[in-house]
Undergrad: 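Before I ask anything, here is the structure I am working with.
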Number of protein chains: 2
Amino acid sequence: MRTVGASQPEETARAEEPGRPAEHGRAGGAAGVKTARGTRARGTRQAQALAVALDDLPGFCSAQEIHAALRSKGETVGLATVYRHLQALTEAGSIDTIRDVSGETLYRQCGTSVHHHHLTCRNCGRSVEVEGRAVEQWAEKVAAEAGFTDVGHTFELFGVCPQCAG
Amino acid sequence: MRTVGASQPEETARAEEPGRPAEHGRAGGAAGVKTARGTRARGTRQAQALAVALDDLPGFCSAQEIHAALRSKGETVGLATVYRHLQALTEAGSIDTIRDVSGETLYRQCGTSVHHHHLTCRNCGRSVEVEGRAVEQWAEKVAAEAGFTDVGHTFELFGVCPQCAG
DNA sequence: CCAAGATTGAGAATCATTATCATTACCAGT
DNA sequence: ACTGGTAATGATAATGATTCTCAATCTTGG
Ligand SMILES: [Zn+2]
Ligand SMILES: [Zn+2]
Ligand SMILES: [Zn+2]
Ligand SMILES: [Zn+2]
């Protein structure tokens, strides 16, 4: 199991546990931007908590890990909401995603929004952002030679980071 | 939906349908290699059928698609067995796997067993095998600079093939 | 305060993949 | 051919991450 952020007592945490008053809706305090009538911007308590968590986490982690991290900090955010925001952020390009060896999706807030790739520790999840001018060109060349169009790519590097190597 | 091999009446085919005499075990005919006592080799009817199917299929396809293709040819192979053999072949390095955008695993028998990558049509699944001397070196260099060890990589190219472009 | 619209979250639903486990087929001796 | 040991199979259940549903709750403009 990957070790990310604050580890908790190994809770399954598949669904929100019942029995609590259920605190819905957005928070009042530091509200954010707002647009036209009815459009609430990313200012809910849950969204902010998630943003903070993403900022704190040093590397890629799964939605469930993020959810666990939130709970461990006392934040009450539903797992479904975590997934929702992660998906939204991903579509907006604010965060990056990679796939675990087991197929699980891992999320991370990157320093830059320009196209880049990652060298990720398969033990702790910490990752280095790398730009690969060379591979971008290689990809285009190969695609062009084969006559393929609308080409995209997926380049991921995995290894063991210096800290984990010990 | 990707079009692979002979398309069938859109059967769900999640589990083998019951009501048939259930034909188990290995076939007698063209048995294959055998090793020490008790070790059967990869010569079962099901394994052969799967091998043939993999040979026929032009590109990457999912376990379920392969299973459907087998059934459409009259072969009776359980879905679990398909998964089992695909996994074994993958571990043996006989076939390659990539991940769908939805996370589904796709399999393909490649022409060569040496390390290479794929340029795959995201519409029909046909793929071109490409070798990337450049990216291999780039990967090693990047990993070394970051101090990572035991580094592996995942490079996949996706696009639309000339046939599908029309 | 009120109504409309957005957001949340608990649980159900999906769906690919794995694990069970009883049944069957194969093999080597006898 | 008969038999015991063992591998392989397949129907089904189980797993587990992600998505869907929808009622309850919040926010906000008026
Ligand atoms: Zn590490
Ligand atoms: Zn790139
Ligand atoms: Zn195509
Ligand atoms: Zn490579």
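Residue numbering restarts at 1 for every chain, and letters A, B, ... go by the order of the sequence lines.
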Undergrad: A:Phe158: what forms a ring pair (Phe, Tyr, Trp, His ring centres under 6.0 Å) with it, not counting sequence neighbours?
TA: none
Undergrad: Do the non-hydrogen side-chain atoms of B:Leu50 and B:Val77 ever get within less than 4.5 Å of each other?
TA: no
Undergrad: Do the side-chain N or O atoms of A:Tyr83 get closer than 4.0 angstrom to the phosphate oxygens (OP1, OP2) of D:dT19?
TA: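 It does not, given that no N or O in the side chain of A:Tyr83 lies less than 4.0 Å from OP1 or OP2 of D:dT19.
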Undergrad: Could you work out which one of D:dT19, C:dT8, C:dA16 sits closest to the side chain of B:Glu104?
TA: C:dA16
Undergrad: Run the side-chain donor-acceptor check on residues 128-136 of chain A: report pairs under 3.5 Å with partners two or more places apart or on a different chain.
TA:
unit_1   : atom_1 : unit_2   : atom_2 : d
A:Glu129 : OE2    : A:Gly111 : N      : 3.0
A:Glu131 : OE1    : A:Arg133 : NH2    : 3.3
A:Glu136 : OE1    : A:His115 : NE2    : 3.2
A:Glu136 : OE1    : A:His153 : NE2    : 3.0
A:Glu136 : OE2    : A:His115 : NE2    : 2.9
A:Glu136 : OE2    : A:His117 : NE2    : 3.0

Undergrad: To the nearest angstrom, how far is A:Asp100 atom CG from C:dT17 atom C1'?
TA: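 To the nearest whole Å, that distance equals 15 Å.
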Undergrad: How close or far is atom P of C:dG9 from atom CG of A:Leu70, stated in whole angstroms?
TA: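 After rounding, the gap between these two atoms is 10 Å.
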Undergrad: Check the phosphate of C:dC15 against B:Gln64, side-chain N and O only, distance under 4.0 Å to OP1 or OP2. Yes or no?
TA: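 It does not, given that no N or O in the side chain of B:Gln64 lies less than 4.0 Å from OP1 or OP2 of C:dC15.
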Undergrad: Tell me whether the side-chain N/O atoms of A:Gln46 come closer than 4.0 Å to OP1 or OP2 in D:dC26.
TA: no
Undergrad: How close or far is atom P of D:dA17 from atom CG of A:Leu86, stated in whole angstroms?
TA: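 That distance rounds to 15 Å.
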Undergrad: For the pair made of CZ in B:Arg45 and P in D:dT9, what is the distance, rounded to whole Å?
TA: 9 Å
Undergrad: State whether the number of non-hydrogen atoms from other residues, nucleotides or ligands found under 6.0 Å of B:Glu145 atom CD is greater than 12.
TA: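 Check passes, neighbour count above 12.
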Undergrad: What integer distance in Å separates A:Gln48:CD from D:dC26:P?
TA: 17 Å
Undergrad: Please work out whether the ring planes of B:Phe155 and B:Trp138 are parallel, tilted or perpendicular, with thresholds of 30° and 60°.
TA: tilted
Undergrad: Can you find a side chain N or O atom of B:His85 that sits less than 4.0 Å from OP1 or OP2 on D:dT9?
TA: yes
Undergrad: Nearest to the side chain of A:Gln87, which nucleotide is it out of C:dA16, D:dT19, C:dT8?
TA: D:dT19
Undergrad: Report the distance from atom CD of B:Glu75 to atom C1' of D:dT9, rounded to the nearest whole Å.
TA: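 Whole-Å distance recorded here is 15 Å.
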Undergrad: If you pin A:Arg84 and A:Ala63 to their nearest nucleotides in DNA chain D, which one's is more 5'?
TA: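 It is A:Ala63, whose closest nucleotide lies nearer the 5' terminus.
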Undergrad: Give the rounded distance in Å between these two atoms: NE2 of B:His67 and C1' of C:dC15.
TA: 16 Å
Undergrad: How close or far is atom P of C:dA19 from atom CG of B:Leu79, stated in whole angstroms?
TA: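 That distance rounds to 14 Å.
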Undergrad: Across the strands shown, which category fits A:Thr105 at heavy-atom distances under 4.0 angstrom: base, sugar-phosphate, nothing?
TA: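 A:Thr105: backbone/sugar contact only, no base atoms under 4.0 Å.
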Undergrad: Does D:dG10 have OP1 or OP2 under 4.0 Å away from a side-chain N or O of B:Thr81?
TA: yes
